[in-house]
Amino acid sequence: PKPKHSVNPTLIAEREKATFNPNVITNLFDSSPSQTERRRYIQQLIQNDPSNIFSNDDNQFLHRKERHVRALAKVVRLVELARSIGMGSDTNCNGELILDKDWSTLTEATGDDLPASLHWHMFVPNIISLADEEQQKVWLKMCRDWKMIGCYAQTELGHGSNVRGIETTATFVKNGNDDNDDDDDNDGHWIIHSPTLTSLKFWPGTLGRTGNHAMVIARLIDGEGIDRGVHNFLVQTRSFDDHSLMPGVTCGDIGPKIGYNNADNGFAKFDHVKIPRRNMAMRFAEVDKHGVYRKKIVSDAAAKINYVTMMQVRSWIVLEASRCLRMGVTIAIRYSAVRKQGFKNENKEGSANKEENQIIDYKQQQYRLFPLLAASYCFFFTGKKVMNDLKTIEKRLMLLSTKGKTNSGKGGSTITKTEVSDIHATTSSLKSFTTTITADGLEDCRKSCGGHGFLASSGLPEKSTTYLVHPTVEGDNHMLPMQVVKVLLKLVKDVQTDYQKAAKDWDRCEARYLVKPVKAILDGEELDNRRCGATSKNDFMDVNICLRAYEHRSARLLVEVANQIQEDIMNGNSFEVAWNSALIQMQRVSRAHSLYLLLNNFVNGIKEGRKSLLGPNEESVLNDLALLFGLYWIEKEDGEFLADGYLSAEQIKWIRSCVLTMLDKIRPNAVALVDANDFPDFLLQSTLGRYDGNVYEAILEESKKDPLNVTEPGPGYTQNLKRLIVDGVGVYSGTASRL
């Protein structure tokens, strides 16, 4: 939508420089022109809602409690709006709003964090993935009608990523008369219990004050007293009638956080809470009324189904990294175009004409922001691909379960443990890398805006602090690389054992690019055959040269970590000691793996876009971003490419020169590239990132809204300041004794 008042002439000039049509790339982000129109329609519903509940104008002046209550009101109004426009009415939704393709658009359009978000991000998907058909018929209907609002309660006060260390117990108890099989009282039940302080559930979003149910991850103790490991149990935490706590449940909010404070991240203690036997999620395992445990898993791959929910969330996190970083660079680049500093053509005496430089023309500003712009686009293509891949693999897993097929079957529905492990490694590495870059990138965007970036009204401080939750949730970013390398070391072992079989087994995996270079390294192929073949600067203007460099680095680092672990064990160290010593190297491997996947998916995503939406000009500017992304990260981590001589010092100089060349190429399109994100001002909530570029007027208007400016004199004058200035409590009256 066009701004209501005039646009800053500087931004008009910037937009006229563009060599491509931003609307085409907008359509690519949305998947089609019709989807763009649909998104804009939904955003207008939120912005123009007569209730005014969705206004974010005074967010920065509200207390946390007030913001939480308002955010709850937004959730309720969202549901009302969604029902009013017929969302959830498609056959495949069965009335469930959150399964509608427009639901995420609707929630994102609020521009605010919603307390019930874990209900649709994790709770309902968990039921769909892990509950059997009979359970789904009951539970999903309650979710559909918003009677059951839930969370995913895995993390404990003393255990997070280490799921096997979970302490909460679910102990089966037989009851009734075993001779009467039809007696409902004879069905048995579970006792959910928090045996220690560290076993309290702590951190799950929606758990504290909003939800009335929790999908609790607990250790299953069957009728024979055998610990069967962690399983999922549906526990009602609050009453349907008045939202009071259920017997034995203690629940609350964990307190203020550095960001994301609309959400009621909660704690929960379970004191011998009784739940029905059938409240155990029983799609892949069950316990009968006699307490006998039985697995219903049909393949080794299906054993990984418990990770599906987490992987779904991680793939969403990658897409969210793109969206949040795109918002940050939109604000920073627009402001950098409008903000001027330093005079042009200044002579030795210091005199200058009246024309100032746009700070976006300074190379250090471009170097700060343009690689982040490239990364924000890059993350989108990978996030979209991983999300689609994960949906495909989940459907195949479900088909295996439904039809009872095994891995020995034929056809596209069969799946291997290697494939499931690979996508787990992919989502783990990408989650770790993209959230780290986005968290750091949002702060860099704030800093790049100078003093005004420190204003809450710039929109960047809250975006930055709120985003900081992502590097920690769903697996700490420094721990996830272990899971990545654990999978990739299996690839090394497979290549060592049988190269042909390994090539076949990994052919449907993201890590398949590693098979051939790992084989070359293991075979001792001469480095001369594996060095970069670029002979001039111009050679590095080919993104495929960058891809080959990333491929080589990933393979080399992976083989090195495998050799390091093996050598440590041969030198008499235990496996645990050897593994611990390799953790730092594992982070390098995971990062290298992510960068290859990101660049490769970026390049392939552009090719796919060319088939449907992109014209030559749009393809060209996206290729510029892809090349900058590839070159920038080689320059930034050049030591890893120089270490074994794959790149020479001279080639690194060429790469640095190429980076400068790409900054110049992207400069005319910078504003248009952030315009292509099509973020309305309502969503950006930024005085600096406004579409019209009238930042100084906006900053002053926002300042006037501060409650400190409502009265004259200001609050606190009569009670405090007047005593100092008028009443003279601070007047010096001569030397007084210190005794």
Side-chain angles (χ1 to χ4, degrees), residues 1-18 22-23 25-26 29 36 39-40 43-44 46-48 52 54-61 108-112 323-341 356 358-361 365 368-370 372-373 376 441-442 444-464 466-467 667 669-706:
K2 299 297 182 184
K4 295 179 180 179
H5 27 267
S6 61
V7 178
N8 188 306
T10 301
L11 281 190
I12 293 176
E14 287 291 331
R15 288 167 178 141
E16 289 175 349
K17 295 177 184 177
N23 291 323
I25 293 182
T26 300
F29 281 134
T36 295
R39 172 182 54 76
R40 289 172 176 170
Q43 288 175 337
Q44 286 297 307
I46 296 296
Q47 295 173 40
N48 300 326
N52 203 39
F54 298 110
S55 172
N56 295 312
D57 287 349
D58 59 351
N59 277 2
Q60 58 193 310
F61 304 121
E108 289 172 3
T110 65
D112 209 0
R323 190 179 75 91
C324 293
L325 188 54
R326 284 189 285 132
M327 292 181 78
V329 295
T330 296
I331 295 170
I333 286 178
R334 282 179 179 168
Y335 178 67
S336 295
V338 171
R339 179 72 172 184
K340 296 180 179 180
Q341 186 168 315
E356 292 184 276
Q358 296 169 266
I359 63 173
I360 198 173
D361 285 329
Q365 190 77 345
R368 293 171 87 175
L369 295 178
F370 292 179
L372 291 175
L373 172 63
S376 72
L442 286 170
D444 285 340
C445 286
R446 187 195 66 76
K447 291 176 181 175
S448 75
C449 293
H452 291 328
F454 198 66
L455 283 169
S457 69
S458 74
L460 289 167
E462 183 169 345
K463 283 178 173 58
S464 180
T466 295
Y467 188 80
R667 169 63 186 92
N669 288 312
V671 169
L673 280 166
V674 297
D675 284 349
N677 293 315
D678 202 31
F679 292 129
D681 289 344
F682 179 89
L683 199 57
L684 285 178
Q685 299 173 46
S686 171
T687 53
L688 307 187
R690 296 166 58 97
Y691 182 87
D692 64 17
N694 296 320
V695 300
Y696 302 118
E697 297 89 338
I699 289 172
L700 186 58
E701 286 304 308
E702 283 298 308
S703 298
K704 292 177 180 178
K705 294 179 183 178
D706 194 316

Minimal non-hydrogen separation, [X] against [Y], with atom names:
{"X": "Leu442", "Y": "Gly328", "answer": "CD2-CA, 3.8 Å"}
{"X": "Ala337", "Y": "Val671", "answer": "CB-CG2, 3.9 Å"}
{"X": "Leu11", "Y": "Tyr691", "answer": "CD1-O, 3.4 Å"}
{"X": "Pro461", "Y": "Ala456", "answer": "CG-CA, 4.3 Å"}
{"X": "Ala676", "Y": "Pro22", "answer": "CB-O, 3.6 Å"}

Might you work through the side chain to side chain donor-acceptor pair (under 3.5 Å) test for Thr687 and Glu702, ending with a clear yes or no?
CA-CA 8 Å; Thr687 53; Glu702 283 298 308; over 6 Å; no
Dump the intermediate steps for side chain to side chain donor-acceptor pair (under 3.5 Å) on Asn8 and Thr10, then the final yes or no.
CA-CA 5 Å; Asn8 188 306; Thr10 301; 3.3 Å; yes
Side-chain touch [X]/[Y], heavy atoms, less than 4.5 angstrom:
{"X": "Arg446", "Y": "Ser464", "result": "no"}
{"X": "Lys447", "Y": "Arg368", "result": "yes"}
{"X": "Arg323", "Y": "Met327", "result": "yes"}
{"X": "Cys445", "Y": "Leu369", "result": "yes"}

Of the options Ile331, Val338, Leu455, which is the one that meets Leu688 in a side-chain contact (heavy atoms from CB on, under 4.5 Å)?
Ile331
Of His452, Glu356, Gln358, the residue whose pairing with Arg339 passes side-chain contact (heavy atoms from CB on, under 4.5 Å)
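Single side-chain contact (heavy atoms from CB on, under 4.5 Å) partner of Arg339 among His452, Glu356, Gln358: His452.
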Kindly say whether Leu684 contributes a backbone atom to a donor-acceptor pair with the side chain of Lys463 at under 3.5 angstrom?
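Yes.
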Please confirm whether the backbone N or O of Ser686 pairs with a side-chain atom of Ser458, one donor and one acceptor, at under 3.5 Å?
no
When rounded to the nearest 0.5 angstrom, what is the spacing between CD1 in Ile360 and CZ in Arg334?
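Reported to 0.5 Å precision, the distance equals 11.5 Å.
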Tell me yes or no: between the side chains of Thr26 and Asp678, is some donor less than 3.5 Å from an acceptor?
no
Between Arg40 and Gln44, do the side chains contain an N or O donor and an N or O acceptor separated by less than 3.5 Å?
no
How about Gln341: does its CD atom have over 12 heavy atoms from other parts shown lying under 6.0 Å from it?
no
Residues in ring pair (Phe, Tyr, Trp, His ring centres under 6.0 Å) contact with Phe54, at least two apart in sequence or another chain
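Result, ring pair (Phe, Tyr, Trp, His ring centres under 6.0 Å) vs Phe54: none returned.
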For Phe370, the ring pair (Phe, Tyr, Trp, His ring centres under 6.0 Å) test, sequence neighbours excluded, returns none
For Phe29, does the six-membered ring have the charged nitrogen or CZ of Arg326 within the cation-pi criterion, i.e. under 6.0 angstrom from the centroid and within 45° of the normal?
yes
What I want to find out is whether Glu14 reaches Arg667 closely enough, with some N-O distance under 4.0 Å, to be called a salt bridge.
yes
